[in-house]
Amino acid sequence: MSRWPYNTQRWQRLRRKKLARDPLCQACESLGHGTPAHAVDHIKAIRNGGPAFPPIDQLLSLCQTHHTQKTAADMLDQGEAWTLRGCNPDGTPRDPDDPWNAP
Ligand SMILES: [Zn+2]
């Protein structure tokens, strides 16, 4: 986490602001768990054309597990869908129509 924009003062400020507002993992929260956030992530990844310093509501507070899942989704340009859809605690998509859940 030492590459741009994460190594800037501006990001550190944004990150602190986000964690002050949403100290719990937002993916866990949607599942009813109160897990402290460990990372702040971009809903739309920079690698997929998202802004480096987006408004706070376009950021996501995540625990370690969900941050790993979100990063993996970003690699496939599925980060936004992942954010909207949410996942089960074991990492499988919650959407029953997702191909992942096909028999
Ligand atoms: Zn979580």
Side-chain angles (χ1 to χ4, degrees):
M1 280 301 233
S2 55
R3 290 202 339 242
W4 185 90
Y6 304 110
N7 56 356
T8 62
Q9 292 271 323
R10 192 177 169 189
W11 173 257
Q12 291 302 326
R13 266 200 306 274
L14 194 59
R15 184 178 188 278
R16 267 201 303 274
K17 230 165 95 178
K18 176 65 181 169
L19 286 173
R21 202 185 77 166
D22 297 305
L24 299 177
C25 170
Q26 292 175 269
C28 284
E29 252 190 326
S30 73
L31 298 166
H33 306 305
T35 311
H38 129 104
V40 173
D41 206 350
H42 297 76
I43 290 180
K44 186 166 178 61
I46 300 170
R47 60 177 290 132
N48 296 327
F53 304 102
I56 208 163
D57 59 359
Q58 287 174 36
L59 292 167
L60 210 53
S61 296
L62 294 172
C63 68
Q64 183 124 38
T65 305
H66 280 125
H67 185 227
T68 303
Q69 284 177 18
K70 168 69 163 64
T71 303
D74 284 340
M75 298 296 172
L76 307 168
D77 199 1
Q78 295 289 317
E80 281 179 283
W82 182 93
T83 302
L84 295 173
R85 188 177 58 220
C87 283
N88 293 312
D90 63 357
T92 54
R94 235 193 286 165
D95 181 355
D97 295 331
D98 192 282
W100 181 282
N101 289 318

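Scope of the values below: all heavy atoms of this structure, side chains included, with no hydrogens, waters or symmetry mates. Order of listing sets the numbers, starting from 1, for every ligand and every atom in it.
For His66, the N/O/S atom at the shortest distance from the Zn ion (ligand 1) is named ND1.
Leu59 and Ile46 fall within the same hydrophobic cluster, defined by Ile, Leu, Val, Met, Phe, Trp and Tyr side-chain heavy atoms under 4.5 Å apart, directly or through other members.
Counting heavy atoms from C-beta on, the side chains of Met75 and Arg47 come closer than 4.5 Å.
Of the possible polar contacts, one joining the Gln12 side chain to the Tyr6 backbone as a donor-acceptor pair under 3.5 Å is found.
Using a cut-off of 2.8 Å, one finds that Cys25 contributes an N/O/S atom close to the Zn ion (ligand 1).
The Zn ion (ligand 1) lies at the vertex of an angle of 110° between the SG atom of Cys63 and the SG atom of Cys28 (rounded to 10°).
For the atom pair CG (Leu60) and SG (Cys25), the distance works out to 7.5 Å, reported to the nearest 0.5 Å.
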